Amino acid sequence: MDIWILLTIFLLACFVGYFAVLGVTPALHSPLMSVANAISGIIIIGALTSLADSLSIIDSFLSYLACFLAAINTAGGFAVSARMLTMFKSEKKQ
Amino acid sequence: MPALVNISYLTACALMIASIRSLASPQTARLGNFLGMTGMALAVIAAVISLKLPNYPLTLTVILSGAAIGVYTAFRIKITALPQMVAALNGLGGLAAACVALSEVLAFSPQNFNNTISLFVGGLTFSGSLVAFAKLQGFMPAHPLRFTGQYGLNAALALTILTLSIIFILQPNIPLFLILSLLILILGLLLLLPVGGADMPVAVSLLNGCSGWAAVGIGLSLSDSLLIIIGSIVGSGGLILAAIMMKAMNRSLLNIFTGSLGVQNSGTAAEAQTARSGAPEDAAFIMENANKIIIVPGFGMAAAQAQHTLKTMAFLLHNKYHAEVKFAIHPVAGRMPGHMNVLLAEAGIDYKDVYELTDINSEFSSADVAYVIGANDITNPAAKTDTSSPLYGMPILDVAEAKTVFFVKRSLGSGYAGIDNPLFYAPNTIMLYGDAKEVTEKIIKALES
């Protein structure tokens, strides 16, 4: 893809991120970090792409390692935030 | 087929953005987490199906075993260990990005600039998070670690990395990239050493964002818009969070990464003021007769794991003595953004009884009791009045406005910032010396009888 299109996507996504995070209630900042952590594991797609066109054993080993680490990152992040979120309870009506 | 894959990526993208949006309120937050998981699963499945992978069974084993380890660890660790768990996971994400960058360079990718950026950000995230983890876990002292020539060394290292990066981008060669990796890892370690415990919320937020920026670099290198979008959302999100934390402490990035708090000694060396101390039983007596009590938790509560005891006390005061009990949280209380909220939620405290600084600050003047448990700097009036104080300009919780202020503290020692708190010597302040949990337990005993 053209680098300028990619940079445009980058710029717009930064604004989306800015406003999405600004809307998060401060009480949920810990789960937010955990969810952000989990979705930054999207690097796993990069690892898989890199694996698909790897040339040597070391090259593919690094890609596998990246897959493994990103999988821990993602699954762990979602699990941590799920664990935190189940604790937020209220008996009061809005 | 490619269309189907692209649709899956787009849907995944939308789901993950919606997932962050859903954290706007606790009611929708759990749904949000589920949306995020679905989005991620969709993206991974689409990638595995569409890419020509050399070895499918091995790939799936690697991914699934990683996921299993992540979930297992996340559910096994104690709630009190959450900040370090977040730091550790973050570090793994950074390392993953660095590995991809290295693997791309080994595969003779022409994207030298983007790969260098990814290596830099990913490597810094990894080694920085490692130090953050060690500090939060107690493997390393939490106070700022400084030595002479530290900043000179950091600057020299950063300059070397910059020079070598430029050389690599102009004339790519693998050994140089390996040397760069090593130097970047060392720089990450050095940068985090002077960050003190109370500055951790900022550092953790920034590192969190960095793993996103690393994904952006890889996305640019691979021309993958999904990586760019999610990466920049995480990256800018981390920056915003760090900015919110810095504003709540009135600290700059430079302050945080030079560890300027915590070593300064207040110049006015103890003007022999005396603080009034009391017994937990006295505190219980005053609280029994109070109509409105505001509890202010800080890191000391987390360290003593006093949140459950605190809940019992609040429950007793509300149900037996019909007092109105509220919790006031300063944005930077604890070691990560929202740390106190998670601990109070764990203890089963209704999140509607828990208030943010701006929502509750005007209520201290109508409160009979402010019960400050394991917090100090975030209540220090010097931040408002003393222009020479390092805390000056930091928004504080106005606990001094309450009729009676109880400080539960181990000793009269100053807080993390190393700054004396004039509030200790105020006429309406009573110090309750001891462990946060033990003192609260004694109060409960007195309240029950």
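Bear in mind that the values here come from a model prediction, so they are computed numbers and not experimental data. Lettering of chains follows the sequences in order, A, B, ..., and the numbering in each one begins at 1.
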Check: A:Ser81 main-chain N/O paired with B:Asn33 side-chain donor or acceptor under 3.5 Å: no

Ring geometry between A:Phe88 and B:Tyr351 (parallel below 30°, tilted from 30 to 60°, perpendicular above 60°): tilted

In the structure I gave you, are the side-chain heavy atoms of [X] and [Y] within less than 4.5 Å of one another anywhere?
{"X": "B:Asp350", "Y": "A:Lys89", "answer": "no"}
{"X": "A:Leu55", "Y": "B:Leu106", "answer": "no"}
{"X": "B:Leu220", "Y": "A:Leu7", "answer": "yes"}
{"X": "B:Gln111", "Y": "A:Ile3", "answer": "no"}
{"X": "A:Ile39", "Y": "B:Ile20", "answer": "yes"}
{"X": "B:Ile69", "Y": "A:Phe68", "answer": "yes"}
{"X": "A:Leu62", "Y": "B:Val100", "answer": "no"}
{"X": "B:Pro54", "Y": "A:Tyr64", "answer": "yes"}

Based on non-hydrogen pairs under 4.5 Å, which of [options] is most in contact with chain A?
{"options": "B:Gly36, B:Pro331, B:Gly238, B:Gly212", "value": "B:Gly36"}
{"options": "B:Ile63, B:Ile17, B:Ile218", "value": "B:Ile63"}
{"options": "B:Leu239, B:Ile230, B:Ile329, B:Leu102", "value": "B:Ile230"}
{"options": "B:Ile229, B:Asn90, B:Leu92", "value": "B:Asn90"}
{"options": "B:Ala215, B:Ala47, B:Ala67, B:Ser211", "value": "B:Ala67"}
{"options": "B:Val44, B:Leu53, B:Asn208", "value": "B:Asn208"}

Is it the side chain or the backbone of [X] that comes within 4.5 Å of chain A heavy atoms, both, or neither?
{"X": "B:Phe34", "value": "neither"}
{"X": "B:Glu346", "value": "both"}
{"X": "B:Thr73", "value": "neither"}
{"X": "B:Pro26", "value": "both"}
{"X": "B:Leu95", "value": "both"}
{"X": "B:Thr59", "value": "both"}
{"X": "B:Ile79", "value": "both"}
{"X": "B:Val86", "value": "both"}
{"X": "B:Leu82", "value": "side chain"}

So how far is it from [X] [atom1] to [Y] [atom2], rounded to the nearest 0.5 Å?
{"X": "A:Ile9", "Y": "B:Leu227", "atom1": "CD1", "atom2": "CG", "answer": "11.5 Å"}
{"X": "B:Ser223", "Y": "A:Leu6", "atom1": "OG", "atom2": "CG", "answer": "5.0 Å"}
{"X": "B:Lys52", "Y": "A:Thr49", "atom1": "NZ", "atom2": "OG1", "answer": "12.5 Å"}
{"X": "A:Ser90", "Y": "B:Asp353", "atom1": "OG", "atom2": "CG", "answer": "7.5 Å"}
{"X": "B:Ile228", "Y": "A:Ile42", "atom1": "CD1", "atom2": "CD1", "answer": "12.0 Å"}

If you take all heavy atoms of [X] and [Y], which pair is closest and at what distance?
{"X": "B:Val62", "Y": "A:Cys67", "value": "CG1-CB, 3.9 Å"}
{"X": "B:Met37", "Y": "A:Phe78", "value": "CG-CG, 3.3 Å"}
{"X": "A:Leu65", "Y": "B:Cys99", "value": "CD2-SG, 3.7 Å"}
{"X": "B:Gly93", "Y": "A:Ile43", "value": "O-CG2, 4.5 Å"}
{"X": "A:Ala36", "Y": "B:Val234", "value": "O-CG2, 3.5 Å"}
{"X": "A:Gly76", "Y": "B:Leu89", "value": "C-CD1, 3.6 Å"}

Portion of [X] that has a non-hydrogen atom of chain B nearer than 4.5 angstrom:
{"X": "A:Ala38", "answer": "backbone"}
{"X": "A:Thr86", "answer": "both"}
{"X": "A:Leu51", "answer": "both"}

Residue among A:Ser54, A:Ser60, A:Ser50 satisfying side-chain hydrogen bond (donor to acceptor under 3.5 Å, both in side chains) with B:Ser103: A:Ser50

Enclosure of A:Ile58 CD1 (heavy-atom neighbours >12, cutoff 6.0 Å): no

More than 12 heavy atoms from other groups under 6.0 Å of OH on B:Tyr355: yes

Heavy-atom pair count under 4.5 Å with chain B, highest-scoring of A:Ala66, A:Ala70, A:Ser63: A:Ala66

Residue, of A:Ile44, A:Ile45, A:Val80, that accumulates the most heavy atom pairs under 4.5 Å with chain B: A:Ile45

Name the atoms and distances for all side-chain donor-acceptor pairs under 3.5 Å in residues 15-35 of chain A, with sequence neighbours left out.
from	atom 1	to	atom 2	distance (Å)
A:Ser30	OG	B:Pro337	O	2.5
A:Ser30	OG	B:Gly338	O	3.4
A:Ser34	OG	A:Gly77	O	3.2

